[in-house]
K.L.:
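Before I ask anything, let me first share the structure, which is written out below as structure tokens.
Both backbone and side-chain heavy atoms feed into the values below; hydrogens, waters and symmetry mates do not.
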Amino acid sequence: MEPEVGVNRTSVTEFILLGLVETEQLQSVVFVVFLFAYLLTVGGNLSILAAILVEPKLHTPMYFFLGNLSVLDVGCITVTVPSMLARLLSHKHTVPYRACLTQLFFFHLLAGMDCFLLTAMAYDRFLAICRPLTYSTQMSKTVQRMLVVVSWALGFTNALNHTLTLTTLNFCGPHVINHFYCDLPQLFQLSCSSTQLNELLLFVAAAFMAVTPLVLITVSYAHVAAAVLQIRSVEGRKKAFSTCGSHLTVVCLFYGTGIFNYMRLGSKESSDKDKGVGVFNTVINPMLNPLIYSLRNPDVQGALWRVLVGKQSLT
């Protein structure tokens with residue numbers, strides 16, 4: 001949209017989030033469902049983290065990264081769902097301008113770090129399967145910590161850039177966001193000034209923060225697949241693929257919903273599809289990750305059982 005003369009970008013003090021549903025009966029159902037999903041997600045991810053901390057078998061690079069992923073999942077759902085539940089309880093749909101930007105910053109910080117953490121996990125699998133003799137040195141504790149720190153730094157830089165450039169936009173009204181949390185595509189639609197620079201920044205960031213990691217993940221697993229196919233025993237191939245299957249499932253879910261959400265910037269209005277993708281990004285993915293990583297992993301299952309019943313590992 002073209003900027004209006006004399007509009008002060010600081011005039012906006014709050015936005016109105018329409019949420020997922022409008023009728024009160026459905027709002028009650030949504031509150032119960034999302035509260036249950038939030039508790040299940042936080043409980044599941046913290047259980048995974050506790051299992052990794054207390055089980056010596058899980059003190060490996062793969063589970064070090066999985067523990068960090070669990071922390072990200074808890075953070076991702078906490079950034080969006082509790083505030084939505086509070087609005088449902090209070091029947092107040094307004095969110096302050098600064099709170100909206102703060103939510104957007106932390107959401108993109110965690111999502112950006114998720115991209116690089118999933119890449120680090122793919123690199124770990126590549127070294128473990130394709131370079132087993134040098135794995136312990138190439139994936140030392142120092143390397144693991146550096147990969148996590150770099151992921152945080154890149155995610156922080158990406159989120160800060162988007163947030164700062166967003167503050168340069170004029171919002172002239174109406175300030176109604178057809179969503180249940182603040183995100184870039186919906187805020188771009190409300191701006192009465194040009195968003196070309198913001199959309200260009202988002203495009204460049206997507207190329208660096210999403211496409212590049214996805215290419216690296218694909219290349220890593222291409223080498224892994226080639227190495228696994230050279231294994232003669234069927235049991236050996238099955239075991240090697242099983243260590244990668246959970247991670248590939250999480251990658252497909254994360255990138256599938258992310259690409260759909262941010263490649264639709266040309267759309268003039270928010271739709272229910274945007275809300276559905278938002279639910280996937282912020283609720284379903286973090287809730288599924290503990291299940292994906294534990295259902296087919298006997299080591300994690302055993303560690304979780306010991307955490308729940310309070311028994312120590314025998315090793």
K.L.:
Evaluate the side-chain proximity of Phe64 to Asn68: yes if any heavy-atom separation is below 4.5 Å, no if none is.
P.N.:
yes

K.L.:
Would you check, one step at a time, whether the test ring pair (Phe, Tyr, Trp, His ring centres under 6.0 Å) holds for Phe156 with Phe105?
P.N.:
CA-CA 8 Å; Phe156 177 84; Phe105 170 81; 5.7 Å; yes

K.L.:
For the CG atom of Leu190 and the CZ atom of Phe171, what is their distance to the nearest 0.5 Å?
P.N.:
6.5 Å

K.L.:
Nearest 0.5 Å, what's the CG-SG distance between Leu110 and Cys115?
P.N.:
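Here the rounded value is 11.5 Å.
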
K.L.:
Picking from Lys275, Gln186, Gln189, what satisfies side-chain hydrogen bond (donor to acceptor under 3.5 Å, both in side chains) with Asn178?
P.N.:
Lys275

K.L.:
Can you name the closest pair of heavy atoms from Met209 and Leu154 and give their distance?
P.N.:
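Heavy atoms only, the tightest pair is CE-O, 3.8 Å.
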
K.L.:
Shortest non-hydrogen contact from Val211 to Ala207?
P.N.:
CB-O, 3.4 Å

K.L.:
List the steps and the verdict of side chain to side chain contact (heavy atoms under 4.5 Å, CB included) for His91 and Gln27.
P.N.:
CA-CA 10 Å; His91 301 285; Gln27 287 178 0; 4.0 Å; yes

K.L.:
Answer yes or no: are there more than 12 heavy-atom neighbours, outside Phe106 itself, under 6.0 Å from its atom CZ?
P.N.:
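No, the 6.0 Å shell around CZ holds no more than 12 heavy atoms from other groups.
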
K.L.:
Do the side chains of Val30 and Tyr181 join up, straight or via other hydrophobic residues, at under 4.5 Å, putting them in one cluster?
P.N.:
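Val30 and Tyr181: one cluster.
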
K.L.:
Is Pro96 close to Thr13 at the side-chain level, that is, under 4.5 Å between some pair of heavy atoms?
P.N.:
no

K.L.:
Are Ser140 and Thr142 close enough that a side-chain donor and a side-chain acceptor fall under 3.5 Å?
P.N.:
no

K.L.:
Would a distance-only check, ignoring hydrogens and angles, find a side-chain to backbone donor-acceptor pair under 3.5 Å from Ser246 to Ile292?
P.N.:
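Flag set: sc Ser246 to bb Ile292 pair under 3.5 Å.
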
K.L.:
To the closest 0.5 Å, what do you measure between CZ (Phe65) and OG1 (Thr60)?
P.N.:
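Output value for this atom pair is 10.0 Å.
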
K.L.:
Taking side chain as C-beta onward, heavy atoms only, is Pro213 less than 4.5 Å from Leu118?
P.N.:
no

K.L.:
Side-chain contact, heavy-atom cut-off 4.5 Å: Val176 with Leu17?
P.N.:
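No - every pair of side-chain heavy atoms lies 4.5 Å or more apart.
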
K.L.:
If you compare all heavy atoms of Asn158 against all heavy atoms of Ala205, which two are closest, and at what distance to 0.1 Å?
P.N.:
OD1-CB, 3.3 Å

K.L.:
How close do His223 and Val219 get, heavy atom to heavy atom, and via which atoms?
P.N.:
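Scanning both residues, the minimum pair turns out to be ND1-O, 2.9 Å.
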
K.L.:
Quick one: does Asp124's side chain have a donor or acceptor within less than 3.5 Å of a partner on Ala120's backbone?
P.N.:
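No, because the side chain of Asp124 does not come within donor-acceptor range (under 3.5 Å) of the backbone of Ala120.
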
K.L.:
Any idea which heavy atoms bring Gly278 and His179 closest together, and the distance?
P.N.:
CA-CE1, 4.1 Å

K.L.:
When you group the ILVMFWY residues by side-chain heavy-atom contacts below 4.5 Å and let the links chain together, are Tyr38 and Val33 in the same group?
P.N.:
yes

K.L.:
Just verifying a value: how many Å separate Ile48 CD1 and Leu46 CG, rounded to the nearest 0.5 Å?
P.N.:
10.5 Å

K.L.:
Does a donor on one side chain and an acceptor on the other come within less than 3.5 Å for His247 and Tyr221?
P.N.:
yes

K.L.:
Any side-chain heavy atom of Leu184 within less than 4.5 Å of one from His162?
P.N.:
yes

K.L.:
Between Arg87 (side chain) and Phe180 (backbone), is there a donor-acceptor pair under 3.5 Å?
P.N.:
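Yes, because the side chain of Arg87 sits within donor-acceptor range (under 3.5 Å) of the backbone of Phe180.
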
K.L.:
How many angstroms lie between CG in Asn198 and OG in Ser193, if you round to the nearest 0.5 Å?
P.N.:
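Result: 7.5 Å between the selected atoms.
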
K.L.:
Apply side chain to side chain contact (heavy atoms under 4.5 Å, CB included) to residues Gln103 and Ser83 and explain how you reach the verdict.
P.N.:
CA-CA 10 Å; Gln103 184 181 61; Ser83 59; 3.3 Å; yes

K.L.:
Give, for atom OG1 of Thr94 and atom CD1 of Ile16, the distance between the pair rounded to the nearest 0.5 Å.
P.N.:
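Spacing of OG1 (Thr94) from CD1 (Ile16) equals 7.0 Å.
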
K.L.:
For a quick test of reading the model, state the closest non-hydrogen atom pair linking Leu169 to Thr195 and the distance between them.
P.N.:
CD1-CG2, 4.1 Å

K.L.:
Hey, are the side chains of Val250 and Leu253 touching, using non-hydrogen atoms and a 4.5 Å cut-off?
P.N.:
no

K.L.:
Does atom CZ of Phe31 have more than 12 heavy-atom neighbours from other groups under 6.0 Å away?
P.N.:
yes

K.L.:
Before giving the answer on side chain to side chain contact (heavy atoms under 4.5 Å, CB included), spell out for Leu197 and Leu201 the whole-Å C-alpha distance, their side-chain angles and the decisive distance to 0.1 Å.
P.N.:
CA-CA 6 Å; Leu197 177 61; Leu201 177 62; 5.6 Å; no

K.L.:
If hydrophobic clusters are built by linking Ile, Leu, Val, Met, Phe, Trp and Tyr wherever their side-chain heavy atoms come under 4.5 Å apart, do Val224 and Leu66 end up in the same one?
P.N.:
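Yes; Leu66 is reachable from Val224 via cluster members.
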
K.L.:
Please check if atom NE2 in His59 has more than 12 non-hydrogen atoms from other residues, nucleotides or ligands closer than 6.0 Å.
P.N.:
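Check passes, neighbour count above 12.
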
K.L.:
Dump the intermediate steps for side chain to side chain contact (heavy atoms under 4.5 Å, CB included) on Cys76 and Phe107, then the final yes or no.
P.N.:
CA-CA 6 Å; Cys76 186; Phe107 177 75; 4.2 Å; yes

K.L.:
Among Leu20, Thr282, Leu88, find the residue that satisfies the side chain to side chain contact (heavy atoms under 4.5 Å, CB included) test when tested with Phe34.
P.N.:
Leu20

